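Just so we're on the same page: letters track the sequence lines, and every chain starts at 1. Since this is a predicted model, take the numbers as computed values, not measurements.
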Amino acid sequence: MDTKFIIALLILAIPAFNFLLLGLGGVKMSHRTAGLIGTIGLTVVAVLSYYTAITYFFDYGCMEGAYQPVIGPFPDEANPAFHWLQFTDHLTLDLGIWLDPISVMMLVVISTVSLMVHVYSNGYMHGERGFQRYFAFLSLFTFSMLGLVVATNIFQMYIFWELVGVSSYLLIGFYYTKPEAVLAAKKAFIVTRFADLGFLIGILILSYYTNTFDFAVLTDVNGPVLTSPSGATFLGISVFSWATALLFMGGAGKSAMMPLHIWLPDAMEGPTPVSALIHAATMVVAGVFLVARLFPLYFILTPEVLTGIAYLAAATSLYAAVVACVQTDIKRVLAFSTISQIAYMLVALGVSGLGGHEGLGYMASMFHLFTHAFFKALLFLCAGAVIHAIGSNEMDRMGNLRKYMPITHITFLIACLAIAGIPPFSGFFSKDEILVAAFEKDKLIFFCQYFVAGLTAFYMFRLYYGIFWGTERDYGKHLPHEAPLNMSAPLIFLTVLTCCTGLLPFNELITSDGRPFDLHTEWGIALPSIAVGVLGIVVATVLYRRPNPLPQRMADSVRTLHRAAYRRFYFDEIYMFITKNVIFRRICSPVAWFDRHIIDGFMDFQAWWSNALSFRIRALQSGSLQFYVGVFIFSILVIAGLLIAFVF
Amino acid sequence: MNFLYSFVLVPLVLMMVIAVLRDVRTIRRVMAVGSSVQLVLSFVLLAWFLSLRALGVQDEMLFRSDLVWYPSLNIALSFGVDGISVLMIVLSAIIVFTGSFTSWAINEKAKDYFLWFLMLSIGVFGFFITVDLFAMFMFYEVALIPMYLLIGVWGTGRKEYSAMKLTLMLMGGSAFLLLGILGIYFSSGHTTMNLLEIAKLHIPVDAQRWCFPITFLGFGVLGALFPFHTWSPDGHASAPTAVSMLHAGVLMKLGGYGCLRVAIYLMPEGAQMYTTLFLVLTGISVIYGALGAIAQTDLKYINAYSSVSHCGMVLFAILMFNTTAMTGAVMQMLSHGLMTALFFCLIGGIYGRTHTREISQMGGLARIMPFMCVCWVVAAMANLGLPGLSGFVSEMNIFVGAFQHPDTFHRVITLIACCSIVVTAVYQLRVVGKIHFGEVVNEHHRALTDAAWYERIATVTLILFIAAIGCFPFFTVDIIHGSLGEIVSKFPALPF
């Protein structure tokens with residue numbers, strides 16, 4: 001087998017092995033050993049991922065001027081008849097490895113953030129019950145997520161997609177004695193499962209009309225799928241539109257697009273490092289990754305679905321940004337900010353074209369995915385440090401923390417500047433490209449995203465001032481203190497990444513067709529976007545830097561809107577109504593009643609009447625000789641009468 | 001001497017041995033050894049079967065032997081197995097093995113209990129190794145009678161009612177079945193009861209028109225086909241743990257296996273006539289069972305309705321008449337057998353400790369019984385189709401296979417059946433969240449113990465097989481593919 005595949009398999013095998021080791025043997029280990037095993041394993045994975053990325057980009061990936069996917073090691077050339085699961089003659093499921101620019105980039109993102117989270121968790125989860133279990137689940141998640149991005153076919157992706165979902169379930173519900181955590185975990189799983197139903201049906205439709213699961217065939221621009229697609233329709237809509245829209249439903253579930261976003265804010269019940277890893281940097285971008293992976297299919301066969309995605313994402317980003325402005329739980333602010341930023345990435349994909357400068361949106365989306373992963377993970381880890389110090393998520397319990405936590409303060413500030421799109425931090429570069437791409441395609445989306453950029457700066461700095469400035473609270477005897485080294489080191493490392501990833505030449509490495517293209521900063525768009533960001537910061541500074549009555553007065557003036565936004569525009573209530581009142585009370589309970597009383601009642605009725613009938617018949621066998629003789633004579637007379645009447 | 005005889009003879013010998021023993025502890029040990037021997041034998045059979053196939057033996061059934069039993073009616077004790085029945089035998093051996101360990105704590109009339117339990121296993125093994133319609137029917141009945149006594153005597157709750165209901169409904173099913181078998185025998189020219197021989201003859205289409213539905217229904221009752229499934233919730237709820245395991249794990253598979261091997265295989269034209277009707281019924285089973293499970297509050301009822309849903313999937317897939325879906329059906333039988341046995345084993349363990357099965361009466365068991373909780377979560381994940389466990393591969397075979405059907409109606413109903421994966425997630429996670437997570441509801445529960453060694457053996461064995469099927473599906477799929485050829489070739493009209 002090729003070295004590159006051995007390395008890639010190792011990248012997957014190490015976390016899988018760690019999961020089994022910590023899951024089965026964790027009880028017998030000390031916390032220290034378990035943490036060490038997990039962290040060392042992830043360090044090796046990270047090193048191997050960097051090696052894979054470097055060799056891919058600078059050694060074997062580029063052929064004839066374009067980055068090509070490298071696929072292996074299954075189906076094995078030596079043993080072509082072997083398939084992991086053979087459905088039909090042409091539909092087979094093989095588990096393989098697919099290395100191309102975006103999957104390699106994802107390997108780097110996942111292993112880096114996961115490593116940081118592992119290191120950080122050693123401090124954050126110190127002394128927690130179930131420490132070993134926590135690291136086992138982290139390993140399971142890392143394994144599944146890595147498997148998802150290197151999938152060679154859509155079914156393999158679905159397999160890891162589900163595994164990612166379940167590891168997310170286990171980690172959100174890590175504090176399993178807390179009812180909120182259990183409910184949040186269940187909600188996350190069921191909402192994404194519902195979305196995955198769309199994914200599965202999409203796969204079924206797509207495979208039926210294309211006879212393949214392989215990405216290589218599905219996204220081959222010159223291949224049979226894209227050049228001569230089946231013209232079949234269902235209910236007047238092309239089957240491919242159905243398929244891609246349903247596939248995106250799966251993506252929308254994982255990436256928390258409206259209206260399937262409701263699980264993500266609740267998922268913050270999990271330990272904060274988990275939120276940083278799963279619900280900020282990696283799993284939630286799975287939907288973006290899915291669309292990017294199938295981009296040629298979306299763009300060529302079903303451009304209308306792609307446009308729909310762009311509008312949906314734009315609406316989501318606006319919605320999430322508005323809601324983020326009024327939340328008081330710092331993790332929830334970050335959760336809505338995540339929704340909004342992921343929507344940015346999908347907007348970029350939605351307005352993108354294929355090839356060269358047309359594919360700017362695609363590249364911008366991947367760029368933003370990359371930079372966002374680091375600064376959002378950083379924000380979450382900083383929030384974790386704050387929560388660790390204060391013991392609460394609520395903003396009104398915080399204030400003036402910059403005095404006590406200088407490192408967290410500085411790193412958080414840099415991350416805020418990055419997400420607000422202020423140069424020279426990474427968020428500026430990627431967001432700018434998205435705005436340029438939107439500007440070239442659709443002005444409405446462009447202005448919407450412009451506005452959202454301003455809102456983003458505003459709510460992030462509202463958060464920043466709320467935590468680190470403002471009134472000093474009564475912190476009791478134990479004053480907040482800076483996080484220990486194993487927590488602050490990841491913060492510093494991620495800050496470094498936040499500062500410098502913006503300079504990476506994404507236009508040469510990760511493009512829609514694998515070929516590099518020229519890119520210049522469009523100052524005509526960049527300058528106003530900086531201005532909008534600065535404006536948002538200034539407004540937040542005026543309102544929140546020092547305690548003043550202005551924010552309250554503003555909230556009062558738009559009380560209805562404020563309350564609606566605070567209640568997240570009642571999405572949860574609507575879902576609650578549908579599940580509790582409609583599905584449970586109007587469907588499930590009646591079904592159960594019907595089964596017990598109608599179906600089973602009918603069966604019991606059969607038993608009842610046979611019983612009753614036999615009771616009656618029993619009376620005939622009375623043992624009385626006179627009665628028997630009477631019946632005997634009566635019967636003879638009847639038979640004789642019948643014979644006389646009909647025979648003679 | 002045919003190797004297959006050992007599957008009937010070993011339980012018989014065990015019965016004789018146990019009949020003369022008095023000490024409960026010795027009986028348990030004998031049971032443990034005996035069921036382990038059976039488990040080993042079943043794997044020997046599997047290995048032997050595979051090596052024969054590898055050597056190029058192409059016969060449809062291997063290990064064939066015939067003993068003429070009642071010549072004037074052409075009844076013979078004909079034995080023979082193909083890949084599907086070998087897998088079913090392995091499944092039965094696993095369930096009997098784990099069931100014997102789960103029954104470890106039974107003290108009341110233990111001797112009689114194990115005697116009837118062995119009788120039940122004779123019926124089950126006998127059914128899977130015969131190829132003679134009459135002998136199949138006989139073994140089916142042999143499996144049924146002990147069930148009545150096991151539930152009626154060792155059960156809990158409304159045990160007499162449930163035992164009677166279960167027996168009467170299944171007997172009703174077997175009355176249909178007997179009619180169907182006689183119909184097949186006479187319309188195929190009353191020369192043989194051997195189903196391999198009958199398969200070569202042609203049953204007139206007119207006869208198939210009435211024989212197929214009653215045969216399918218007869219087996220379908222056992223496979224919990226809507227609306228003849230209501231014996232299942234009551235029966236499972238009252239049955240002792242190991243009997244629930246054996247019943248849901250193996251006995252319900254007799255239904256699916258019979259539908260495939262007798263109804264569909266012998267009467268393909270009849271099958272095609274009634275596809276729509278039975279697809280609708282099985283489709284209802286799938287969704288209706290799952291929705292019904294959401295509203296239940298008793299653990300055994302939840303699992304029974306879940307079984308209705310999953311077994312409905314088996315019959316649903318069989319009716320698609322293509323290799324992929326049928327492979328999925330057989331895998332679903334294996335997978336459902338293992339995971340439902342695991343569930344019943346755990347429910348039995350929890351009920352034995354907490355003396356309740358109401359989910360509202362329990363909470364926070366994860367901290368009290370961590371081992372049971374982990375096993376439960378694995379079972380729930382297998383049930384809702386998590387990749388890496390057996391439920392996923394079988395359901396995906398069914399869905400992909402069913403969706404390959406060229407007819408739009410079949411595809412639409414497949415999509416509806418797909419929805420069950422969400423509903424399954426709802427009721428499984430609801431139970432896990434209620435009973436294992438959260439706060440401890442009943443303070444007395446804090447004093448309870450985790451799984452005992454015999455329960456650990458049972459659950460770990462089941463989980464290992466569930467994971468093995470899920471991680472290495474190609475192994476099972478190959479065996480099943482090799483055996484479905486004959487059956488699928490009866491349906492040449494479908495482009496595939």
Out of Ile598(A), Ile599(A), Asp600(A), which residue meets the side-chain contact (heavy atoms from CB on, under 4.5 Å) rule with Pro227(B)? Ile599(A)
Can you tell me which of Leu384(B), Thr408(B), Leu168(B), Asp478(B) forms the most heavy-atom pairs within a distance under 4.5 Å of chain A? Leu384(B)
Decide side chain to side chain contact (heavy atoms under 4.5 Å, CB included) for Phe403(B) and Ile205(A); before the verdict, give the C-alpha distance in whole Å, the side-chain angles of both, and the deciding distance to 0.1 Å. CA-CA 8 Å; Phe403(B) 203 79; Ile205(A) 299 176; 3.8 Å; yes
Of all heavy-atom pairs linking Leu386(B) and Glu162(A), the shortest is CD1-O, 3.9 Å
Determine which residues belonging to residues 183-193 of chain A lie within contact range of chain B, meaning some heavy atom pair is under 4.5 Å apart, and list them by number or answer 'none'. Lys186(A), Phe189(A), Ile190(A), Arg193(A)
Any Asp595(A) side-chain heavy atom under 4.5 Å of His229(B) side chain: yes
Heavy-atom contact with chain A under 4.5 Å, split by part of Cys419(B): both
What is the minimum heavy-atom distance between Val422(B) and Phe194(A), and which atoms define it? CG2-CA, 3.9 Å
Close side-chain approach of Cys418(B) and Leu204(A), heavy atoms under 4.5 Å: yes
Honestly, the part of Arg411(B) sitting under 4.5 Å from a heavy atom of chain A is side chain
Measuring from atom CE of Met169(B) to atom CE of Met603(A), what distance do you get when rounded to the nearest 0.5 angstrom? 4.0 Å
Mark yes when over 12 heavy atoms from residues, nucleotides or ligands other than Phe409(B) sit less than 6.0 Å from its CZ; otherwise mark no. yes
For the residue pair Leu85(A) and Asn397(B), establish whether any side-chain heavy-atom pair is separated by less than 4.5 Å. yes
Bottom line for Phe226(B): the part with an atom under 4.5 Å from chain A's heavy atoms is side chain
In short, Gln404(B) meets Tyr208(A) closest at the heavy-atom pair O-CE1, 3.6 Å
So for Phe594(A), is it side chain, backbone, both, or neither that comes closer than 4.5 Å to the heavy atoms of chain B? both
Pick out which of Thr327(B), Val400(B), Val477(B) makes a side-chain contact (heavy atoms from CB on, under 4.5 Å) with Phe87(A). Val400(B)
Check each atom of Pro233(B) against the heavy atoms of chain A and say whether the ones under 4.5 Å are side chain, backbone, both or neither. side chain
At a heavy-atom separation under 4.5 Å, does Asp604(A) approach chain B through its side chain, its backbone, both, or neither? side chain
Kindly indicate, with the supporting measurements, whether the criterion side chain to side chain contact (heavy atoms under 4.5 Å, CB included) is fulfilled by Arg596(A) and Asp234(B). CA-CA 10 Å; Arg596(A) 286 284 87 188; Asp234(B) 286 317; 3.2 Å; yes
What pairs with Trp593(A) under side-chain hydrogen bond (donor to acceptor under 3.5 Å, both in side chains), at least two apart in sequence or on another chain? His597(A)
Does atom OH of Tyr209(A) have more than 12 heavy-atom neighbours from other groups under 6.0 Å away? yes
Quick check: do Thr323(B) and Thr88(A) have side-chain heavy atoms less than 4.5 Å from each other? no
Determine the minimum heavy-atom distance between Ala592(A) and Gly292(B), stating which atoms define it. CB-O, 4.4 Å
Cut-off 4.5 Å, heavy atoms of chain A, and the answer for Met164(B) is neither
Where does Ile583(A) contact chain B at under 4.5 Å (heavy atoms): side chain, backbone, both or neither? neither
His83(A) to Phe474(B) - nearest heavy-atom pair and separation: O-CB, 3.4 Å
Ranked by heavy-atom pairs below 4.5 Å to chain A, first place among Pro473(B), Ala325(B), Gly433(B), Ala295(B) goes to Pro473(B)
Counting only non-hydrogen atoms closer than 4.5 Å, does Arg129(A) touch chain B with its backbone (N, CA, C, O), its side chain (CB onward), both, or neither? side chain
Heavy-atom side-chain contact between Lys434(B) and Val182(A) under 4.5 Å: no
Structural part of Phe584(A) lying under 4.5 Å from a heavy atom of chain B: side chain
Would you mind checking which part of Val440(B) comes under 4.5 Å of any heavy atom in chain A, side chain (CB onward), backbone (N, CA, C, O), both or neither? neither
Side chains of Leu163(A) and Phe392(B): does their closest heavy-atom pair fall under 4.5 Å? no
Indicate the ring-plane relationship of Tyr176(A) and Phe437(B), choosing parallel, tilted or perpendicular according to the 30° and 60° boundaries. tilted
Side chain from CB out, backbone as N, CA, C, O: work out which of these in Ile159(A) comes under 4.5 Å of a heavy atom of chain B, or both, or neither. both
If one checks every heavy atom of Leu429(B) against chain A at 4.5 Å, the contacting part turns out to be both
Residue Phe160(A) versus chain B: region with a heavy atom under 4.5 Å: neither
